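Reading through the structure tokens given below for one structure.
The chain is numbered in sequence order, starting from 1. A quick note: this is a predicted structure, and the numbers were derived from the prediction, not measured. Hydrogens, waters and symmetry mates are skipped; everything else that's a heavy atom, side chains included, is used.
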Amino acid sequence: MSTIEKIQEELDVLLQGTTQHEIVLYNDDVNTFDFVIDSLVTVCDHTLEQAEQCTILVHYKGKCAVKTGEYKDLEPRCSKLLELGLSAEIV
């Protein structure tokens, strides 16, 4: 087995042990574009461009995955989005 194959195998094992989840943000008729953008920048550590793109996707597609990671990192972020009046869930 080559070194590259061994490293790839070890990486595959590590990735299998880490379950990735997503925060999905849903469209609503209440919050403004600017409010959603500011919320994503603050809560999800998005750049302004990322937040704008996610907001547009939410508006036109109805939903968008705005953050991916481990559940323990996403749970407080999703809770904060909900506290701000946004519609979101972890999947």
Side-chain angles (χ1 to χ4, degrees):
M1 176 179 281
S2 72
T3 303
I4 293 173
E5 289 173 334
K6 185 170 175 71
I7 291 171
Q8 183 61 48
E9 184 178 291
E10 290 173 2
L11 180 61
D12 290 343
V13 169
L14 286 173
L15 290 176
Q16 288 174 357
T18 305
T19 305
Q20 296 291 303
H21 298 276
E22 296 177 325
I23 296 176
V24 177
L25 183 66
Y26 294 96
N27 191 31
D28 63 42
D29 295 328
V30 178
N31 296 293
T32 65
F33 273 79
D34 288 338
F35 180 75
V36 175
I37 290 167
D38 290 342
S39 299
L40 291 174
V41 168
T42 303
V43 175
C44 295
D45 299 325
H46 281 203
T47 64
L48 185 59
E49 293 79 14
Q50 285 175 306
E52 289 172 349
Q53 290 173 352
C54 286
T55 303
I56 290 169
L57 285 170
V58 167
H59 180 72
Y60 287 107
K61 299 287 187 178
K63 65 181 179 178
C64 177
V66 295
K67 191 76 173 173
T68 302
E70 293 184 37
Y71 188 87
K72 66 180 181 177
D73 176 52
L74 299 181
E75 197 276 327
R77 293 176 191 266
C78 187
S79 293
K80 183 63 177 172
L81 291 172
L82 295 171
E83 287 172 16
L84 292 170
L86 300 174
S87 180
E89 71 174 341
I90 300 174
V91 294

Show me the side-chain donor-acceptor pairs of residues 59-69 shorter than 3.5 Å, one per line, residues at least two apart or across chains.
residue: Lys67; atom: NZ; partner: Cys44; partner atom: O; Å: 3.2

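- Listed by first and then second residue, the salt bridge (Lys or Arg N to Asp or Glu O under 4.0 Å) pairs involving residues 75-91 are Asp45-Arg77, Asp73-Arg77 (not counting sequence neighbours).
- In this structure, Ile37 is not a member of the same hydrophobic cluster as Leu86, with clusters built from ILVMFWY side-chain heavy atoms closer than 4.5 Å.
- Among residues two or more places apart in sequence or in another chain, the ring-ring contact (aromatic ring centres under 6.0 Å, His included) test is passed with Tyr26 by none.
- Linking ILVMFWY residues whenever their side-chain heavy atoms come closer than 4.5 Å, directly or via other members, leaves Val58 and Val41 in distinct clusters.
- In terms of the ring-ring contact (aromatic ring centres under 6.0 Å, His included) criterion, Phe35 has no residue partners (sequence neighbours excluded).
- With sequence neighbours excluded, the residues forming a ring-ring contact (aromatic ring centres under 6.0 Å, His included) with His21 are Tyr71, listed by chain and number.
- In the hydrophobic clustering of ILVMFWY residues, with side-chain heavy atoms under 4.5 Å counting as a link, Ile23 and Leu57 come out apart.
- The CG atom of Leu40 sits 6.5 Å away from the CG atom of Leu81 when rounded to the nearest 0.5 Å.
- Nearest approach of Asn31 to Gly85, heavy atoms of both residues: ND2-O, 3.2 Å.
- Each salt bridge (Lys or Arg N to Asp or Glu O under 4.0 Å) pair with one or both residues in residues 23-38, not counting sequence neighbours, would appear here, but there are none.
- For Gln53, the side-chain hydrogen bond (donor to acceptor under 3.5 Å, both in side chains) test picks out no residue, with sequence neighbours left out.
- Between the OG1 atom in Thr55 and the CG atom in Leu25 there is a gap of 7.5 Å [rounded to 0.5 Å].
- Every residue two or more places apart in sequence or in another chain was checked for a side-chain hydrogen bond (donor to acceptor under 3.5 Å, both in side chains) with Asn27, and none qualifies.
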